[in-house]
2 protein chains.
Amino acid sequence: MSQPPANPPGSRFVDDYLLYLLARASHLISAEFHDQLRRRGISVPVWRVLASLVGSSGETVTGLAETCLLQQPTMTKLLDRMVRDGFVKRTQDAKDRRVVRVALTTRGEVTAADLVQAAKQHEAEVMARHPEAEALAIKTLLRAIIARQTRPRRG
Amino acid sequence: MSQPPANPPGSRFVDDYLLYLLARASHLISAEFHDQLRRRGISVPVWRVLASLVGSSGETVTGLAETCLLQQPTMTKLLDRMVRDGFVKRTQDAKDRRVVRVALTTRGEVTAADLVQAAKQHEAEVMARHPEAEALAIKTLLRAIIARQTRPRRG
DNA sequence: AGGCGATGAATGCATTTTCATGCTAATCGG
DNA sequence: CCGATTAGCATGAAAATGCATTCATCGCCT
């Protein structure tokens, strides 16, 4: 464990800062699932793209970037790699020739389907672990989530 | 605006996925404040370190990394830059010579104080804009936040 | 005391991300 | 229909990040 600081606990600015609580809760909960991705050799951005393309017949690069919380040039390069690795394919849009439509390949669909199932199961576990997630005020609730996520690695 | 996909809206997997809703809500709300940081020439990781060090007499590198949601080597390199830019200073821990204590310089304190004030004001605006943030179920609530954050840039 | 695993921080290299910019296609105004 | 503007995507150099590893110190245990 890391040596806690000389700062009285609970007094830090960040611990009462909504944006930080959101980021931290998101980070902590996601970290669990990211471990699963890691074991399968899938990076987080790749997973986000796969998840975004499930059930779609073709998304734009910019649209994907926004969905995946990435910038457009980052998405372009990520898609380069995903095309190279056989997860997605690019096609020209029929109506607007500036637009590139991105869709899953067969391999991409298989991988995405597997991961989505794992994600749903993980989500169910998370919801089961945080029953108040359906009823409590967000800040209090996120704080509780953070506390529970932080310490008890085993249930 | 990006041409919405050929996918029926509201049907995407990610739009009902807790981890995505958390990440997206966090990203969207934070993006507002990150704009303010940008105008002042402060990067997000630097802001996080500054905010983490306010009121502290010295945090460890590993502790800061965890607080700032970064990995330890990333934090080491970030601190290199922040030392170079005069925001923080490193000192040896008295008891444990492995430990490096990181603290704000005077410049760091001034910058941090300014930013913390801006952050608090922004947080108040966010809370005012999302009154249910104190009473609603998280998923429904986050979804509402996302919807409101996404479209209406002006209130 | 002395060896040993564990902890804290730093480093090096490969990969990824960012920022600014360029290019092509579509749209708008006259 | 033409010129100007905007939207969508790609690119290139610089910066940041991730990952594995290394180095130093500490705590423990006999």
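In the text below, chain A, chain B and the rest are named by the order of the sequence lines, each starting its count at 1. Small disclaimer: the values here were computed from a predicted structure and weren't measured.
- For A:T91, the side chain to side chain contact (heavy atoms under 4.5 Å, CB included) partners at least two apart in sequence or on another chain are A:R101.
- In this structure, NE2 of B:H34 is placed 15 Å from C1' of C:dT18, rounded to the nearest angstrom.
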Cut-off 3.5 Å, no hydrogens considered: what does the side-chain donor-acceptor table look like for residues 82-89 of chain B, sequence neighbours left out?
| residue | atom | partner | partner atom | Å |
| --- | --- | --- | --- | --- |
| B:K89 | NZ | B:L104 | O | 3.3 |

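- Across the protein-nucleic acid pair, B:E66 atom CD and C:dA9 atom P stand 12 Å apart, rounded to whole Å.
- Residues forming a side chain to side chain contact (heavy atoms under 4.5 Å, CB included) with A:A118 (at least two apart in sequence, or on another chain): A:F33, A:Q36, A:R40.
- Taking the salt bridge (Lys or Arg N to Asp or Glu O under 4.0 Å) definition, one finds that B:R81 meets it with nothing, sequence neighbours left out.
- The salt bridge (Lys or Arg N to Asp or Glu O under 4.0 Å) test applied to A:R90 returns A:D80, not counting sequence neighbours.
- By the 4.5 Å heavy-atom criterion applied to side chains, A:R24 and A:V14 are not counted as neighbours.
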Show every donor-acceptor pair shorter than 3.5 Å between a side-chain atom in residues 68-79 of chain B and any protein atom, with sequence neighbours excluded, or say none if there are none.
| residue | atom | partner | partner atom | Å |
| --- | --- | --- | --- | --- |
| B:Q72 | NE2 | B:T76 | OG1 | 3.1 |
| B:T76 | OG1 | B:Q72 | O | 3.3 |

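- Not a single side-chain hydrogen bond (donor to acceptor under 3.5 Å, both in side chains) links A:S30 to another residue, sequence neighbours left out.
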Audit row: A:T67, B:Y20, side-chain contact (heavy atoms from CB on, under 4.5 Å) steps and yes/no: CA-CA 10 Å; A:T67 300; B:Y20 178 70; 3.7 Å; yes
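- Using a 4.0 Å cutoff on non-hydrogen atoms, the parts of residues 39-47 of chain A near DNA chain C are A:P45, ordered by number.
- Annotation: side chain to side chain contact (heavy atoms under 4.5 Å, CB included) contacts of B:Q92 (sequence neighbours excluded): B:R97, B:V100.
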Distances for protein N or O near nucleotides 27-29 of chain D N or O, under 3.5 Å:
none

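- Summarising the geometry, the separation between CZ on A:R101 and C1' on D:dA10 is reported as 18 Å, rounded to the nearest angstrom.
- In the set D:dC9, C:dC19, C:dG8, C:dC19 carries the atom at the smallest distance from any side-chain atom of B:R38.
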A:H27 vs A:H34, side-chain contact (heavy atoms from CB on, under 4.5 Å): CA-CA, chis, key distance, verdict: CA-CA 10 Å; A:H27 182 87; A:H34 294 171; over 6 Å; no
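- In the hydrophobic cluster analysis, where Ile, Leu, Val, Met, Phe, Trp and Tyr join through side-chain heavy atoms closer than 4.5 angstrom, A:V44 is grouped together with B:L18.
- For B:R97 and D:dA24, the shortest distance from a side-chain N or O to OP1 or OP2 is not below 4.0 Å.
- Here the C1' atom of nucleotide C:dA10 and the CZ atom of B:R90 are 9 Å apart, to the nearest Å.
- Sorted by residue number, the members of residues 69-89 of chain B with any non-hydrogen atom under 4.0 Å from DNA chain C read B:Q72, B:P73, B:T76, B:K77.
- Summary of helix geometry: the two end axes of the helix from C:dA1-D:dT30 to C:dG30-D:dC1, each defined by five base pairs via their C1' atoms, are inclined to each other by 30° (rounded to 10°).
- Side-chain contact between A:W47 and A:T111 is absent, with no heavy-atom pair separated by less than 4.5 Å.
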